[in-house]
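Heads up, the thing below is written out as structure tokens.
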Amino acid sequence: MSTHEKLIGHVMKEEPIGCRNKVTVVGVGMVGMASAISVLLKDLCDELALVDVMEEKLKGEAMDLQHGALFLKTHKIVADKDYSVTANSKVVVVTAGARQQEGESRLNLVQRNVNIFKFIIPNIVKYSPNCILLVVSNPVDILTYVAWKLSGFPRHRVIGSGTNLDSARFRHLMGEKFHLHPSSCHGWIIGEHGDSSVAVWSGVNIAGVSLQSINPKMGADDDSEHWKEMHKKVVDGAYEVIKLKGYTSWAIGMSVADLVESILKNLHKVHPVSTLVQGMHGVKDEVFLSIPCVLGNSGLTDVVHMTLKPDEEKQLVKSAETLWGVQKELTL
Amino acid sequence: MHEARSEELEEGGGIHSRSDGTSSPSPGPDNIYQPSLQISAIMSSVLQKLISPVAGTSAEPPRNKVTVVGVGQVGMACAVSILLRDLCDELALVDVMEDRLKGEMMDLQHGSLFLKTSKIVADKDYAVTANSRLVVVTAGVRQQEGESRLNLVQRNVNVFKSIIPQIIKYSPNCTLIVVSNPVDVLTYVTWKLSGLPKHRVIGSGTNLDSARFRYLMAERLGIHSSSFNGWVLGEHGDTSVPVWSGANVAGVNLQKLNPDIGTDGDKEQWKATHKAVVDSAYEVIKLKGYTNWAIGLSVADLTESIIKNMSRVHPVSTMVKDMYGIGEEVFLSLPCVLNGSGVGSVVNMTLTPDEVAQLKKSADTLWGIQKDLKDL
């Protein structure tokens, strides 16, 4: 009898149940791994799978995480370049693809990343046909559309991380200015995740007190408080960090874990994430933009109808047109 | 982050918004949004309509501040693990690479909505680390190809000479956790350079080796790592000592079930598991270039015991002179009780004569390196 057999006796006759809350992260670059460690440290899943094409890096990252198993509550961490390792995932986080170089816009990355998605998405669908896709790769709004088309999933199961991070950055800046924790500063950035995101000034509030009611010029060019500058800092935020450290990882990783938490724990929490907005706010094209959405374990089940000013809606329509202009040229 | 108060705000009496407007010479990391003092004044008048102060206006000093020295992969993994475990109320980062440092700080700050650490600061000036309870040292140079360990150590002594006194200057009551390699020697170096009592200088030591050991053993047995109890002690590295006599699950001693366990003659080759622990760092480095997640998690684990005054036992590197017949001032990993003051006590583990001999041998090797170090 082996030591194992002397020590432990197996008493269950049935097959083990396996995973119930599996998360897959596609892409083990800086964003993928930051997402993975954030998900692990928040105890969100009972199994984590990693996939990538770079086999050695993939194996190294998986081993490094496994060596921390003592400190975690995720018993199974697996990795392979073969997508069978991702089977039965509840949520698949897609971070794969090229990333912005210094000064490069997100839209520039499109075609390169579409080609990568043509390989990735069908593989994910094959092994987790009921999963919820969370797209992070940039330009996220276009790639969420691409993932939706390539997967054939209903729209409620394809979500783009969108302006969840932009809004977090905005609330951080608000928090710094008002000496409050960001969670007590409310502000929604919607629309395109990127240069033309829309800050909804009417919604900015602390404890329900609308700051625009105190400062009616908020966000305008002649606003003496220069709120528009704060929004610009949000837009520029990623570029700044990229310039300083080469890429961004921690903030997006944490924001991904925030979304995964709402999904896996069926929280019905409202997040600004990228979803199909055709027919809303005057948008005519089949595009994905961020609006406040309710996230739960079925995915993105509801959207919140924001009352937007005419020029805010105009900005959304304009973003939609820009995105559609790029999307219609894509070969999917 | 230094809070400069503008004159207008003092008179206004409202909540003082931070006006970190001007850049150097005064030290202090840039805030992302730097309004001019005028804008801050206007902001504060809006604040006065919105918010009425009740307590005094001076900021409370941090109670559980942690500093991480070095923002490389290991330093940042430690920082993120500590943040995501809600262990500190302020986190400071220091490094010499200013752009990287600022970028890392900003990236963490952008995630502040998702965290419960309200202040994240960074600067190359150590003033930013003031009043830390715990300082994690991950800085240092890596071994060049073909470089002797002694040479590497001497280079790191020189790096530490610029780091350690600065840390102590601003946080004279802190506890230090040394992570940089070779960790046992560098913990000794840190202890010497800091002048701190030995209970407040800890090396991350074999905390990670033990975690790896428990993971690999538990995997073989189909259980969670925390349910497998086993200790790897001594030198963090090739000559670490797996204490087979203590390995157990639910108190059932594995060596009693298999007296050959850990020996070369063991049919089940359990010794290979310890070898895998020793090799694992090299393997991960070969595959991804460095290791960071596991060491980051293990440092957060130690941080938790210290910050929360838990008195948990961890295998960490401590001064072992006069234990197990060791006559020199060397640091090796033994089971230490970690609490708010650092190493509260050491558990006298019953080791076999062979295990004691291995510890002694490590001690001799380490002393051989340490005695030739200059300028300590």
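Quick caveat, the model's predicted, so the values are computed rather than measured. Throughout, protein chains are lettered first and strands after them, A, B, ... in sequence-line order, and every chain is numbered starting at 1.
- Contacts between A/Ser184 and chain B at a heavy-atom distance below 4.5 Å are absent for every atom of the residue.
- Among the candidates B/Arg220, B/Gln255, B/Glu268, B/Lys267, the single residue satisfying the side chain to side chain donor-acceptor pair (under 3.5 Å) test with A/Thr3 is B/Glu268.
- Contact annotation for A/Leu7: both backbone and side-chain heavy atoms come within less than 4.5 Å of a heavy atom of chain B.
- Residue B/Gln73 touches chain A through its side chain alone, counting heavy-atom pairs closer than 4.5 Å.
- For B/Arg214, the part lying under 4.5 angstrom from a heavy atom of chain A is the side chain only.
- For the pair B/His224 and A/Leu70, the tightest heavy-atom approach, listed with the atom from each and the gap, is CE1-O, 4.3 Å.
- Between chain B and the options A/Ile206, A/Ile242, A/Leu72, the largest number of non-hydrogen pairs under 4.5 Å is found for A/Leu72.
- Residues A/Ala69 and B/Tyr215 share a closest heavy-atom pair of CB-CD1, 3.6 Å.
- Between chain B and the options A/Ser249, A/Ser183, A/Gly175, the largest number of non-hydrogen pairs under 4.5 Å is found for A/Ser249.
- Taking chain A as the reference chain and counting heavy-atom pairs below 4.5 Å, the highest number among B/Val277, B/Ile261, B/Leu108 is found for B/Leu108.
- When each of B/Met76, B/Lys116, B/Arg212 is checked for heavy-atom pairs under 4.5 Å with chain A, B/Arg212 comes out on top.
- Looking at B/Leu101, neither its backbone nor its side chain comes within 4.5 Å of chain A, counting heavy atoms on both sides.
- For chain B, no part of A/Glu55 is nearby; none of its heavy atoms comes within less than 4.5 Å.
- Within the 3.5 Å criterion, the main-chain N or O of A/Thr248 finds no donor-acceptor partner in the side chain of B/Asp107.
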Starting from the C-alpha separation in whole Å, work towards a yes-or-no answer on side-chain contact (heavy atoms from CB on, under 4.5 Å) for B/Glu283 and A/Lys59.
CA-CA 10 Å; B/Glu283 257 217 86; A/Lys59 186 169 175 201; 4.2 Å; yes

Starting from the C-alpha separation in whole Å, work towards a yes-or-no answer on side-chain contact (heavy atoms from CB on, under 4.5 Å) for B/Lys102 and A/Glu240.
CA-CA 10 Å; B/Lys102 186 175 172 188; A/Glu240 253 212 277; 4.2 Å; yes

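- The pair A/Lys245-B/Asp99 does not meet the salt-bridge criterion, since no charged nitrogen lies less than 4.0 angstrom from a carboxylate oxygen.
- Per-residue heavy-atom pair counts under 4.5 Å with chain B were compared for A/Lys243, A/Met1, A/Gln66, and the maximum is reached by A/Gln66.
- Taking B/Leu83, B/Ile223, B/Leu208 one by one and counting their heavy-atom pairs under 4.5 Å with chain A, the maximum is reached by B/Ile223.
- For the options A/Glu61, A/Lys42, A/Lys57, heavy-atom pairs under 4.5 Å to chain B are most numerous at A/Glu61.
- Neither the backbone nor the side chain of B/Ser210 comes within less than 4.5 Å of any heavy atom in chain A.
- B/Ser118 and A/His181 share no donor-acceptor pair across their side chains, judged by distance under 3.5 Å alone.
- The shortest non-hydrogen separation linking B/Leu221 to A/His4 is O-NE2, 3.5 Å.
- You'll find the side chain of B/Leu297 reaches within 4.5 Å of the side chain of A/Leu41, heavy atoms only.
- Few gaps surround NZ on A/Lys6; more than 12 heavy atoms of other groups in view lie less than 6.0 Å from it.
- Note on A/His67, A/His75, A/Met254: by heavy-atom pairs under 4.5 Å with chain B, the leading option is A/His67.
- Each of B/Ser112, B/Gly111, B/Ala218 has some count of heavy-atom pairs under 4.5 Å with chain A, and the biggest count is that of B/Ser112.
- Heavy-atom distances place no part of A/Met54 under 4.5 Å from chain B, backbone and side chain included.
- If you measure heavy-atom distances from B/Met97 to chain A, you find no contacts under 4.5 Å at all.
- With respect to chain B, the highest number of heavy-atom pairs below 4.5 Å among A/Gly68, A/Ala207, A/Pro182 belongs to A/Pro182.
- Looking at A/Met30, the atoms closer than 4.5 Å to chain B (heavy atoms on both sides) all sit in the side chain, from C-beta outward.
- In terms of heavy-atom proximity, B/Leu287 sits nearest to A/Glu56 at CB-O, 3.2 Å.
- Heavy-atom minimum distance, B/Ala294 versus A/Phe71: O-CE1, 4.4 Å.
- In this structure, the side chain of B/His110 does not engage the main chain of A/His172 through any donor-acceptor pair within 3.5 Å.
- Contact between A/Asp64 and B/Trp293 at its shortest, heavy atoms only, is OD2-N, 3.1 Å.
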